Amino acid sequence: MATVSGRPDVDVDLTHEQLREMYELMLLARALDERMWLLNRAGQAPFAVSGQGHEGAQAGAGFALDPSKDWLVPYYRDLTLALRFGTSPRDVMLHMLARAADPNSGGRQMPGHYSSKAHRILSGSSPIATQIPHATGIAFAAKARGEDTVVITGFGDGATSEGDFHEAMNFASIYKLGVIFLCENNGYAISVPQKKQMAVERVADYAKGYDMPGVTVDGLDAVEVYAVAKEAVDRARRGEGPTLIEAIVRRLTPHSSDDDDRTYRSAEELEDMHSSGPLRVTRNRLMEIGALSDDWEQETKERIKTLVNDATEHAEQSPLPDPGTLADHVYAKDGSRM
Amino acid sequence: MATVSGRPDVDVDLTHEQLREMYELMLLARALDERMWLLNRAGQAPFAVSGQGHEGAQAGAGFALDPSKDWLVPYYRDLTLALRFGTSPRDVMLHMLARAADPNSGGRQMPGHYSSKAHRILSGSSPIATQIPHATGIAFAAKARGEDTVVITGFGDGATSEGDFHEAMNFASIYKLGVIFLCENNGYAISVPQKKQMAVERVADYAKGYDMPGVTVDGLDAVEVYAVAKEAVDRARRGEGPTLIEAIVRRLTPHSSDDDDRTYRSAEELEDMHSSGPLRVTRNRLMEIGALSDDWEQETKERIKTLVNDATEHAEQSPLPDPGTLADHVYAKDGSRM
Amino acid sequence: MATKLLIEAIRDGLAEAMDQDERVMIIGEDVGRRGGVFRVTEGLMDTYGEMRVVDSPLAESLIVGVAIGAAANGMLPVAEIQFLDFIPPAMDQLMSEAAKLRYRSNGDWDCPIVIRTPYGGGIHGALYHSQSIEAVFTHIPGLKVVAPIDPADAKGLLTSAIYDPDPVIFLEHKKGYRSIRGEVPDNGHTVPIGKARIAREGSDLTIISYGMYLQESLAAADAYVEEHGGSIEVIDLRSLKPLDSDAILESVMKTGKALIVHEANMFGGIGGEIAAIIAEHAFAYLDGPVTRLASPDVPAMPFSPPLEQAFVRDKNDIRAAIEKLAAF
Amino acid sequence: MATKLLIEAIRDGLAEAMDQDERVMIIGEDVGRRGGVFRVTEGLMDTYGEMRVVDSPLAESLIVGVAIGAAANGMLPVAEIQFLDFIPPAMDQLMSEAAKLRYRSNGDWDCPIVIRTPYGGGIHGALYHSQSIEAVFTHIPGLKVVAPIDPADAKGLLTSAIYDPDPVIFLEHKKGYRSIRGEVPDNGHTVPIGKARIAREGSDLTIISYGMYLQESLAAADAYVEEHGGSIEVIDLRSLKPLDSDAILESVMKTGKALIVHEANMFGGIGGEIAAIIAEHAFAYLDGPVTRLASPDVPAMPFSPPLEQAFVRDKNDIRAAIEKLAAF
Ligand SMILES: Cc1ncc(C[n+]2csc(CCOP(=O)(O)OP(=O)(O)O)c2C)c(N)n1
Ligand SMILES: Cc1ncc(C[n+]2csc(CCOP(=O)(O)OP(=O)(O)O)c2C)c(N)n1
Ligand SMILES: [Mg+2]
Ligand SMILES: [Mg+2]
């Protein structure tokens, strides 16, 4: 158990070792993410989409869940969450390089579309917000069978404008389903700033229309997010219903490798944004309470580098899909679910 | 000007004469509605949908608007509002009996689909909630041209579950558009009771997700509704944005002539519901302040009866559409909006 | 075997599946206490409770989205969309999600959901309670679409659809609910998705149809043969996707003449696809132009009876088309 | 006249209309400050302000719904849906509202909106940035659908669409944006909706196509003729609804052979409708089976290059189809 000091203090039931694990997850996600961005810039992959700046929100929330039984319904920035649920660095790179062995999609989807039935990570599409009702349906099935499974779904601030978000929030609350709605608010939907996206100051305010707790939290601080998410997960597990968590994060990259955010973010804004991020904020937290050492960090970063290199090489050497498999999996080959 | 006493007292800027006009509108709507229901029961029309029980909400809100410049985007129970905006009893009956001269739809739509370009009543469809973005778009155009037009759109409690409702509320509030969102909450969407429709107790709570005023008002009392609507309209006209008004009403009939509400409302509930309605409540109000006399009421009811009879006979004698016109108006015959 | 109405056969199919398999659940507007606006699900909530027969909020995208999620987590959801006319809000969940979940996950996930929905007109339903927009779905790879009109087919296809590992849109002709009656086997009866049925055997001309217009086609064939003699084959497609093109081609290669009849709008309807398949693959066998008879390209049936009547194609229209094609 | 890219022609068409008519407004995601993710609307917000170039919230149903309302109140809105793949959330507003507003009000109201949207693949857009689902709309009475690929056609049809009193879905091939170049007239140029263009004259065989596959078809025709001689006609449909069936039939009656080529999935694509029209109305003129070449019935182009390549039909595939049909 640790009381984690900082601004503000939070009480969390994590050991120092667990806190380090959480931070390590963020470091791994960042390293993979940077590598992917690089692969795109080097012309080895036609597309990259990044979660840089979102790692704290996802790591904090992810650690509040139990990957051995809970579900993840991610969106394209949820690399950290996917790793937490069991996606491996090799899985990520096979996906990035669209190899036949990509367990997420067999090379069919753009990067960023994490999926694994074994790990209860539901495959997502590219249309925004469609996954939110899925999370709700998963939780409904669990409740119908009397299970205490919790489902977390990630989405951006832009996603809150789609009807699907509202329809799902409403249903989840009526049936008191175990869903964590994690809005990773980075202030932009591609180029559209929050003030043109919504009338409210806080995404968390949407919870008021659904008689649901709505919490805004500093998404740069994984520990704070953990504390908020833990409460929400406990509540969900007790059958008391869903929570909307708004984690304020930063999109440290352009929207995707196809975007150029200098056309809509000023130089000052870009500079200011890069002045800090979830890695620094979370690291400071852990340093303050003595959960981190420079040695550990050095070693860990080395280990991660090896992992990322291995994953990249593995993917590079892995074969591309066989064109003859194009028409596979449009429908089931055989049978019935009888 | 009148201070209208009752429970609760309200201050309204209406003369006794205007209050009587408002009540007369309700009486007319009810008489037309009952006649339509009867025509259906007598086998003269295959379908009827009723606004009985909603007249107070609509009359109150309707009197806060200026039918000479404002817009109505109705739903199928908005007979009272349509009359307020200029639809005549003959127009209503031509529509009910699906005659060629039906100005609402030329006999193409089911009864209850009021429309008139001349009166700025936008034609609606049957799918629920699709009209709400239209109201928002109308108000957007007005604002873009610097006009202070106000748009009112009516819908039920069930409609609040559709994404279109939320998407439109959000947009209207971001751009501070002159829209009155009038939710006529009768507690049911066909058979689905409010507690299975939404998590909140009050539809007005949805306004909190849009940084918009949300007011719940007794929809049986036209005067109370007027007071609330007047404030909302003034606000809208000043360019300060939309308001969500939830008027608590009663659906005094089954959902439509195809429904049998005894399958989902208990005998007690049905009886209790019929114990009072907007006509009685509004009448009591006006009686209390001396705006009504029995004589006036008697005369008015006679006049209305004549109107309704005339409208019915007129429609009955009016020809049905020519089958040769089936394919008219799929596209414009000519030209361009250049 | 007992004689049942179409609606009874569907209700029986649902009740049987609910009874035998706890994974089967129903979700839709008014499906619970009210038993559906057409009463297809009547009584089921009382028996199976509010978590297996779910009176959903008024939100079609949600209904389909929740069904997809519940299916991912082990259920076999049967969603009801109250009228096919009200399915457009759910289009994204159907086209982008249900249809593509298996493909996009390289077969890791599947989507065993059924979307039951009443369609078709002729009941004064006007523009928004009469449509036959099935072609919007038959174009989408990953979806299956069935439209049985025979009660036994309906029950058998419903059972197949519930256990099918892919999403199936199950179209129920609302005019047929209480007007079509037939023998329905009792238990465990299934009909395979993707197989047409020869509803009437013949050798001179093939009519390809489904739904209520199949009934009109059968009547027209009878009337034609009674007057002119000859022999007309009528195929009930039952499944629109996958389409049984083998059965269609086999019949047309035999008869040399094809008349396609459907209630959906002509332009871009499934009739076009069928005609194209015949025109390409039975070209050498054709003794006359592949002919279509379908609804005019008007949005939907208007409410007023003379206009509704003008929209509808009935057995006389079909008979006239047979005469013209037969005489070619 | 100047030589312009497809994307420039469209931008010019928009800018010209905005400049000349205050009723014209643009609404869509990222269309303002960013000028659209493809940069079609670049610079327009600076010139015309935030009330005429509206950066909408992320909500396609809203975008179309607001456009419908604004049109009812006197505007001529041009809505942008960022990718055709993301139009399904707006399906209800398109099918139930825009398409039926005129009809249901007996001509009292109209709906002069344009929905611009990039479609098509071949740019590693994967399953959700590559689709060609236009057949979903071409089936709906009340909608118009155009898919110009020639820059002059694009500008001319855009102007026509903006002033058309009915809703027009305006499809822009994203691979063509910066790869197709052509002469574009300067001012006031319009092209009528509903008229095809003979892109190549010929007398032995007709290819009917549109979009990027038209370009492949032209290349295939050139290659075929170079090798085998003969004469091939290629029709660029430009408008998919209304479809110029007169032009199609006239050509096929002349050549006797029809090859339909499109990027959309084969089953239920517009090619089926075209084949059906030909098979029925040019039956007596046909010297070979009406043939279709289209995308396989797989949800969409996968991301991985070998799979994307396997999905695509190119000029070699088209040439092979020409050879087969010509030899019939
Ligand atoms: C339905 C739909 N519309 C548009 C798009 C194009 N698009 C992709 S991401 C995006 C912005 C999403 O913003 P937000 O939800 O805030 O997530 P973020 O990317 O900022 O994390 C848009 C408009 C889409 N994918 N789906
Ligand atoms: C999109 C859509 N789904 C379903 C229906 C069928 N339907 C018609 S009215 C109705 C209930 C509407 O309830 P509410 O919004 O509360 O209005 P009320 O009828 O109570 O006034 C339903 C489900 C519809 N018309 N449109
Ligand atoms: Mg964002
Ligand atoms: Mg209601």
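A quick note: this is a predicted structure, and the numbers were derived from the prediction, not measured. Convention: sequence-line order gives letters A, B, ...; per-chain numbering from 1.
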With a 4.5 angstrom heavy-atom cut-off, could you sort out which part of [X] is near chain A: side chain, backbone, both or neither?
{"X": "Val54(D)", "value": "neither"}
{"X": "Gln82(D)", "value": "side chain"}
{"X": "Phe311(D)", "value": "both"}

Distance-minimising heavy-atom pair for [X] and [Y]:
{"X": "Val330(A)", "Y": "Pro299(D)", "answer": "CG2-CD, 3.9 Å"}
{"X": "Pro306(D)", "Y": "Leu320(A)", "answer": "CG-CB, 3.7 Å"}
{"X": "Asp30(D)", "Y": "Ala189(A)", "answer": "OD1-O, 3.3 Å"}
{"X": "Lys196(A)", "Y": "Pro57(D)", "answer": "O-CG, 3.8 Å"}

Original post:
Taking Glu50(D), His124(D), Arg34(D), Glu29(D) one by one, which has the highest count of heavy-atom pairs under 4.5 Å against chain A?
Top reply: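 The candidate making the most pairs under 4.5 Å is Arg34(D).
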**OP:** Please determine, among Ser61(D), Ala126(D), Gly35(D), the option with the most heavy-atom pairs under 4.5 Å with chain A.
**Re:**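 Looking at each of Ser61(D), Ala126(D), Gly35(D) in turn, Ala126(D) comes out on top.
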Should the heavy atoms of other residues, nucleotides or ligands under 6.0 Å from [atom1] of [X] be counted, would the total exceed 12?
{"X": "Glu201(A)", "atom1": "CD", "value": "no"}
{"X": "Arg337(A)", "atom1": "CZ", "value": "yes"}
{"X": "Arg262(A)", "atom1": "CZ", "value": "no"}
{"X": "Arg33(D)", "atom1": "CZ", "value": "no"}
{"X": "Glu22(D)", "atom1": "CD", "value": "no"}

With rounding to the nearest 0.5 angstrom, report the [atom1] to [atom2] distance, [X] to [Y].
{"X": "Ser304(D)", "Y": "Leu326(A)", "atom1": "OG", "atom2": "CG", "value": "11.0 Å"}
{"X": "Asp297(D)", "Y": "Tyr331(A)", "atom1": "CG", "atom2": "OH", "value": "8.0 Å"}
{"X": "Ser105(A)", "Y": "Phe303(D)", "atom1": "OG", "atom2": "CZ", "value": "9.0 Å"}
{"X": "Asp55(D)", "Y": "Ser191(A)", "atom1": "CG", "atom2": "OG", "value": "5.0 Å"}
{"X": "Arg108(A)", "Y": "Leu127(D)", "atom1": "CZ", "atom2": "CG", "value": "8.0 Å"}

Checking [X] against chain D: side chain, backbone, both or neither under 4.5 Å from a heavy atom?
{"X": "Ala159(A)", "value": "backbone"}
{"X": "Ile190(A)", "value": "both"}
{"X": "Asp258(A)", "value": "backbone"}
{"X": "Asp102(A)", "value": "neither"}

Side chain to side chain, [X] and [Y], heavy atoms closer than 4.5 Å:
{"X": "Phe83(D)", "Y": "Ser126(A)", "answer": "no"}
{"X": "Tyr128(D)", "Y": "Gln109(A)", "answer": "yes"}
{"X": "Leu58(D)", "Y": "Gln197(A)", "answer": "yes"}

Original post:
For the candidates Ala100(A), Ala45(A), Ala327(A), Ser125(A), which exhibits the highest count of non-hydrogen atom pairs separated by less than 4.5 Å from chain D?
Top reply: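 Highest number of pairs under 4.5 Å: Ser125(A).
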**OP:** Identify which of Asp261(A), Asp260(A), Thr325(A), Asp328(A) forms the greatest number of heavy-atom pairs closer than 4.5 Å to chain D.
**Re:**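 Result: the option with the highest number of such pairs is Asp260(A).
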